[in-house]
Amino acid sequence: KHDDLDEFFYVVDGKFLIDLEDRTIELTPRQGFVVPKGVVHRTRAFEKTVILMVEGAGIVPTGD
């Protein structure tokens with residue numbers, strides 16, 4: 001989770017999953033999703049997927 005900043009994911013090609021505490025968001029090409037600040041999340045893909053991720057410079061994208 002990121003305490004101070006939202007994070008945006010946009011799928012260019014493939015299928016992208018975002019696991020939240022209570023559900024999984026499935027994104028396909030031309031779909032996007034904002035993970036609000038403070039929300040625990042995990043991203044994954046089962047196939048080659050091209051995404052655009054927009055986040056603040058202070059976010060460490062490798063988790064903890």
Side-chain angles (χ1 to χ4, degrees):
K1 74 176 177 154
H2 311 291
D3 292 325
D4 300 322
L5 297 169
D6 295 342
E7 191 170 25
F8 175 70
F9 297 93
Y10 178 82
V11 176
V12 176
D13 189 40
K15 187 188 307 185
F16 191 65
L17 302 172
I18 304 171
D19 296 324
L20 305 174
E21 290 182 337
D22 61 343
R23 62 189 168 133
T24 298
I25 305 297
E26 181 178 309
L27 300 175
T28 57
R30 297 184 311 229
Q31 291 184 318
F33 184 77
V34 174
V35 178
K37 64 183 176 183
V39 173
V40 175
H41 60 285
R42 176 183 74 162
T43 59
R44 58 195 170 101
F46 292 114
E47 60 190 45
K48 181 179 176 182
T49 301
V50 178
I51 67 161
L52 172 66
M53 180 174 65
V54 180
E55 61 187 9
I59 292 179
V60 179
T62 56
D64 54 2

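Cluster annotation: Val54 is not connected to Ile18 through the hydrophobic network of ILVMFWY side chains, with a link wherever side-chain heavy atoms come within less than 4.5 Å. Hydrophobic clustering keeps Val12 apart from Ile25 (ILVMFWY residues linked when any side-chain heavy atoms are closer than 4.5 Å, directly or through intermediates).
Other members of the cluster containing Leu17 are Phe46, with ILVMFWY side chains joined at under 4.5 Å, either directly or via other members.
Not counting sequence neighbours, the partners of Asp3 by the salt bridge (Lys or Arg N to Asp or Glu O under 4.0 Å) test are Lys1. Applying the salt bridge (Lys or Arg N to Asp or Glu O under 4.0 Å) rule to Asp13 yields no partners; only residues at least two apart in sequence or on another chain are considered. A search for side-chain hydrogen bond (donor to acceptor under 3.5 Å, both in side chains) contacts involving Arg23 returns nothing, not counting sequence neighbours. Residues passing the ring-ring contact (aromatic ring centres under 6.0 Å, His included) test with Phe9 are Phe16, sequence neighbours excluded.
Distance CZ/Arg42 to CD/Glu21: 13.0 Å, rounded to 0.5 Å. Note: Leu52 CG to Phe8 CZ = 7.0 Å, rounded to the nearest 0.5 Å. Taking OG1 of Thr43 as the reference point, atom CD1 of Ile51 lies at 6.5 Å (rounded to 0.5 Å).
Between Pro29 and Gly14, the closest heavy-atom pair is CD-O, 3.2 Å.
Looking at Thr24, its side chain never comes within 3.5 Å of a backbone N or O of Asp19 through a donor-acceptor pair.
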Using a 3.5 Å cut-off and no angle test, enumerate the donor-acceptor pairs between side-chain atoms of residues 30-41 and protein atoms at least two apart in sequence or in another chain.
unit_1, atom_1, unit_2, atom_2, d
Gln31, OE1, Thr28, N, 2.8
Gln31, OE1, Thr28, OG1, 3.0
His41, ND1, Val39, O, 2.9
His41, NE2, Glu7, OE1, 2.8

